[in-house]
Student: 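Quick one: structure below, then a few questions.
Bear in mind that the values here come from a model prediction, so they are computed numbers and not experimental data. The basis for the numbers below is simple: all heavy atoms, side chains too, and nothing from hydrogens, waters or symmetry mates. In what follows, chains carry the letters A, B, and so on, assigned in the order in which the sequence lines appear, proteins first and then strands, with residues in each chain numbered from 1.
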There are 2 protein chains.
Amino acid sequence: MATIRDVARRAGVAISTVSLALNGKGPISPATVERIQAVAAQMGYMPSVMAQSLKRGHNRLIGLVLGDIGNPFFGRLLRNVDSVVAEADHMLIVADTASHPEREINTLNQLRRHRVGGIIMAPLSNDPAFAAYLREIDVPVVLIDQYVDGVRLDYVCSDNELTTTMLTEYLIRLGHRRICYLGGQPNWWTARLRLAGFRAAMQASGVNIDPDLEVVADFDGEKAYDQVARLLSRPKRPTAIVAASNLMALGALQAINDLGFSCPGDVSLTGVDDVPWGSVIKPRITTVVQPVEELAQVAAAWILERIGSRGGAAAPPRTHVAIPRLVIGESCSRV
Amino acid sequence: MATIRDVARRAGVAISTVSLALNGKGPISPATVERIQAVAAQMGYMPSVMAQSLKRGHNRLIGLVLGDIGNPFFGRLLRNVDSVVAEADHMLIVADTASHPEREINTLNQLRRHRVGGIIMAPLSNDPAFAAYLREIDVPVVLIDQYVDGVRLDYVCSDNELTTTMLTEYLIRLGHRRICYLGGQPNWWTARLRLAGFRAAMQASGVNIDPDLEVVADFDGEKAYDQVARLLSRPKRPTAIVAASNLMALGALQAINDLGFSCPGDVSLTGVDDVPWGSVIKPRITTVVQPVEELAQVAAAWILERIGSRGGAAAPPRTHVAIPRLVIGESCSRV
DNA sequence: TTTGCTTAGTGAAACGGTTCGATTGGAGCC
DNA sequence: GGCTCCAATCGAACCGTTTCACTAAGCAAA
């Protein structure tokens, strides 16, 4: 690939003249500018972002660290983040930690070696060592979806507590009392909040929580299937299920069907978040959807802000809580 | 962030000594190496990949250009590509063209400015101008999923013709004759091949193709819904449907249900590719799935090879055709 | 003619590393 | 003591760009 030297030689001017001309900076005569542009175009010259960055002290790269890009939620997140940062002429280095929390520090270090201007991350880890690492990090970081206890960083999420509260209240209004809750691993930030949302709604309505019906299924479809199958084969089975994720809701639905029960006839079912093509799953599951576009846009805008104002990196951290939306399907019935 | 200069000063040695010591190259005394390592660790020094790359002439970045990362197929592709290149200490710059073919050249140019070592791309465009651009490109490119006429580049795909051939033959074996084909836009490479696969299977079995039943639904769920709804309300309706994508299959299923028909009772349905939650969609759709992991791994391995052997970039282009797998569900019945 | 002001363009330093030829200082040998 | 040799370390060039102080030329005013 041609370098600025080649262009300068070919155009018969100094290197600095080429730089000035192509960036439209110095007082270069129109004739010269035109000649240089012509030569550059003809040679297919493109400035090396690496070299530019080295000089300027910052490149136009942003790191995006996710636990599982295969998950459609993160896929949509990625897409929307990309569209915003591309607008600002930035590009995304995407790293998937493949659901291994222990790889996160390593991944972040790699991004730092690349001197990315900022990092957007949906963390998995939530231990003090990781928090300590984040507290010392010297590049702007915006957390998304999941938080890390003990750090002070920008954080963008939807109101996780509200998600399950809305669903639980809805079921209670329909007359349900024996409600099963399918939750995630309690070391996940969002899992704890969604559980709290469920409990708050139950208590607010004065409904007793049967501890046996509050199960952990690790945000995993198969585990949800097993748990629901187990609970449905017991005498006092639940009349409704609140699943803290779409995957678990689908696992639950499959269990309900496979055991010969009907949804919503025998068991009402609700979940969190859209599933792509959810519209063709029968019955359509009543669900609370997170505004992914909003999350992505705010996170992207914030990281660009932090990058833009070098000093402003010290500005106090902000939190944006997006309000999820209840989408009523056909998976719940009055009891 | 500390630079190599800072480390050198603090350790009381020359810059070159630090570089040599940390890279384990020169004959540096063990005592000095240890001291330098200690100082570097204490200062949190990390070499700048940009600076290294500038000197070495190549960075450890690979571009991945996709039309829609929101699509789970590409999400899984991304995840698997990332896992392979990460193994080789490379990172991925991901760019989403948001289904705008006209942005592709721009995106590729941006990646070239970043001096990525190679590019993996699922192209949308397939016009001569784009082919001409690709023919001149000075960085290794591996195409995946879709090809571009008139270029000579590595290409990784699954046997697109075979996908629809397998489905069609399966339906014919079940006794179907009036088979509807839902295809994609003919300017898409994969759409043309899948259509050809359908026709080949029909002709091989001596079944007449009713041109009215061969419709274009643009790989789009809504369009498929409309088309199927239209065809099903006519007197001589099809007894089976081959959809050239999962999205169209789901649209078709919805239309079948909404019009009061049953699947597979009245209409048999088949599709191409997994849907992430396919296992809970009733009925489970018979489908041919592409081995995404295999595609991703081959593409990643090939681009790493091209990057590795600088001269080898001129090696003749290869093509890898993966064999898709027929997964029989409950959406088809004998007629 | 000298002075001063513009305009157009140049040269060199700097960014943060790597690499290689040059330079030490000391040990071993005669 | 002078020689060679080797291990350990250093210095400088270089990668591709930007930026800024500087110069050379042209011209108007004094």
Side-chain angles (χ1 to χ4, degrees), chain A residues 1-37 39-40 43-61 89 109-117 138-139 310, chain B residues 1-37 39-40 43-61 89 110 112-117 138-139 310:
Chain A
M1 167 133 290
T3 75
I4 198 172
R5 275 183 169 66
D6 304 326
V7 177
R9 189 159 25 227
R10 189 90 141 238
V13 294
I15 292 175
S16 50
T17 309
V18 176
S19 175
L20 262 13
L22 292 183
N23 291 312
K25 292 213 171 161
I28 311 289
S29 75
T32 309
V33 170
E34 206 165 319
R35 182 161 43 94
I36 290 176
Q37 282 174 342
V39 171
M43 300 180 76
Y45 167 71
M46 307 188 157
S48 155
V49 177
M50 284 191 316
Q52 290 181 319
S53 308
L54 189 58
K55 186 85 236 293
R56 298 209 245 251
H58 62 97
N59 55 25
R60 307 182 81 74
L61 249 20
D89 198 26
N109 279 340
Q110 253 186 291
L111 290 172
R112 291 171 66 204
R113 276 202 288 278
H114 275 282
R115 300 291 189 268
V116 296
D138 54 0
V139 46
R310 303 236 135 275
Chain B
M1 167 131 291
T3 75
I4 199 172
R5 278 181 168 66
D6 305 325
V7 177
R9 190 160 22 230
R10 189 92 139 238
V13 294
I15 292 175
S16 50
T17 308
V18 175
S19 175
L20 262 13
L22 292 182
N23 292 312
K25 293 214 171 162
I28 312 289
S29 76
T32 309
V33 170
E34 207 166 318
R35 183 159 45 94
I36 291 177
Q37 282 174 340
V39 170
M43 300 180 75
Y45 167 72
M46 308 188 155
S48 155
V49 178
M50 286 189 317
Q52 291 180 320
S53 309
L54 191 57
K55 186 84 233 287
R56 298 210 243 252
H58 60 100
N59 55 24
R60 307 184 81 74
L61 249 21
D89 199 27
Q110 254 186 290
R112 291 212 286 152
R113 276 203 289 277
H114 276 281
R115 301 291 190 267
V116 296
D138 54 0
V139 46
R310 303 236 136 276

Student: Output the single nucleotide from D:dT17, D:dT19, C:dT18 whose closest atom is nearest the side chain of A:L20.
Tutor: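 Out of D:dT17, D:dT19, C:dT18, the nucleotide with an atom closest to A:L20's side chain is D:dT19.
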Student: Base, sugar-phosphate, or nothing for B:T32, non-hydrogen atoms under 4.0 angstrom?
Tutor: sugar-phosphate
Student: Using a heavy-atom cut-off of under 4.0 Å over every strand shown, decide if A:T17 touches base, sugar-phosphate, or nothing.
Tutor: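 The residue A:T17 makes base contact.
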Student: Using a cut-off of strictly less than 4.0 Å, decide whether B:Y45 has a side-chain nitrogen or oxygen near OP1 or OP2 of C:dG17.
Tutor: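 Looking at the OP1 and OP2 atoms of C:dG17, one of them is under 4.0 Å from a side-chain N or O of B:Y45.
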Student: For B:R5 and D:dC10, what is the distance between atoms CZ and P respectively, to the nearest whole Å?
Tutor: 15 Å
Student: Kindly indicate whether the side chain of A:K55 and the base of D:dT18 share any N or O donor-acceptor pair separated by less than 3.5 Å?
Tutor: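 In this structure, the two groups form a donor-acceptor pair.
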Student: In whole angstrom, give the distance that lies between atom CZ of A:R9 and atom C1' of C:dT10.
Tutor: 16 Å
Student: Write down the atom of A:V18, the atom of A:V7, and the distance for their closest heavy-atom approach.
Tutor: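 Scanning both residues completely, I find the closest heavy atoms to be CG1-CG1, 3.9 Å.
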Student: Regarding A:A51, tell me which of base, sugar-phosphate or nothing describes its non-hydrogen contacts under 4.0 Å with the strands shown.
Tutor: base
Student: Can you tell me which nucleotide in C:dG16, C:dG9, D:dG16 comes closest to the side chain of B:S48?
Tutor: C:dG16
Student: Please report, rounded to the nearest Å, how far the C1' atom of D:dC14 is from the CZ atom of B:R56.
Tutor: 14 Å
Student: Rounded to the nearest Å, what distance is computed from the CD1 atom of residue A:I28 to the C1' atom of nucleotide C:dA8?
Tutor: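 Going from CD1 in A:I28 over to C1' in C:dA8 covers 6 Å.
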Student: Could you state the interatomic distance from CG (A:D6) to CE (A:M1), rounded to the nearest 0.5 Å?
Tutor: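 It is 10.5 Å, given to the nearest 0.5 Å.
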Student: Distance-only, no hydrogens or angles: does the A:S53 side chain make a donor-acceptor pair with backbone N or O of A:V49 under 3.5 Å?
Tutor: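 Side chain of A:S53 to backbone of A:V49, a donor-acceptor pair under 3.5 Å: yes, one is there.
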Student: Could you tell me how far apart B:D6 (CG) and C:dG16 (P) are, to the nearest whole angstrom?
Tutor: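 So the two atoms are 8 Å apart, to the nearest Å.
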Student: Apply side-chain contact (heavy atoms from CB on, under 4.5 Å) to residues A:L61 and A:H114 and explain how you reach the verdict.
Tutor: CA-CA 9 Å; A:L61 249 20; A:H114 275 282; 5.6 Å; no
Student: Contact class for B:S19 (heavy atom, under 4.0 Å): base, sugar-phosphate, or nothing?
Tutor: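 Result for B:S19 = base.
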Student: Send over the distance from B:M50 CE to C:dT18 P, rounded to a whole Å.
Tutor: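 Distance, rounded to whole Å: 13 Å.
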Student: Describe the nucleic acid contact of B:M46 in one word from base, sugar-phosphate, nothing, applying a heavy-atom distance below 4.0 Å.
Tutor: sugar-phosphate
Student: Looking at C:dT18, I'd like to know if its phosphate oxygens (OP1 or OP2) sit under 4.0 Å from a side-chain N or O belonging to B:K25.
Tutor: no
Student: May I have the distance from A:I4 (atom CD1) to D:dT19 (atom P), rounded to whole angstrom?
Tutor: 11 Å
Student: Assign B:P27 to base, sugar-phosphate, or nothing according to its heavy-atom contacts below 4.0 angstrom with the strands shown.
Tutor: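 B:P27: base contact, heavy atoms under 4.0 Å.
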Student: Does either side chain, that of A:T32 or that of A:S29, offer a donor lying less than 3.5 Å from an acceptor on the other one?
Tutor: yes
Student: Grab the two heavy atoms, one from A:Y45 and one from A:L22, that are nearest each other, plus how far apart they are.
Tutor: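 Closest approach of A:Y45 to A:L22: CE2-CD1, 3.6 Å.
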Student: Which part of the nucleic acid, if any, lies within reach of A:R115 when heavy atoms closer than 4.0 Å are counted: base, sugar-phosphate only, or nothing?
Tutor: sugar-phosphate
Student: Taking donor-acceptor contacts at under 3.5 Å, does the side chain of B:S16 reach the base of D:dG11?
Tutor: yes
Student: Between A:L54 (CG) and D:dG16 (P), how many Å, whole number?
Tutor: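 Checked: the CG to P distance equals 12 Å.
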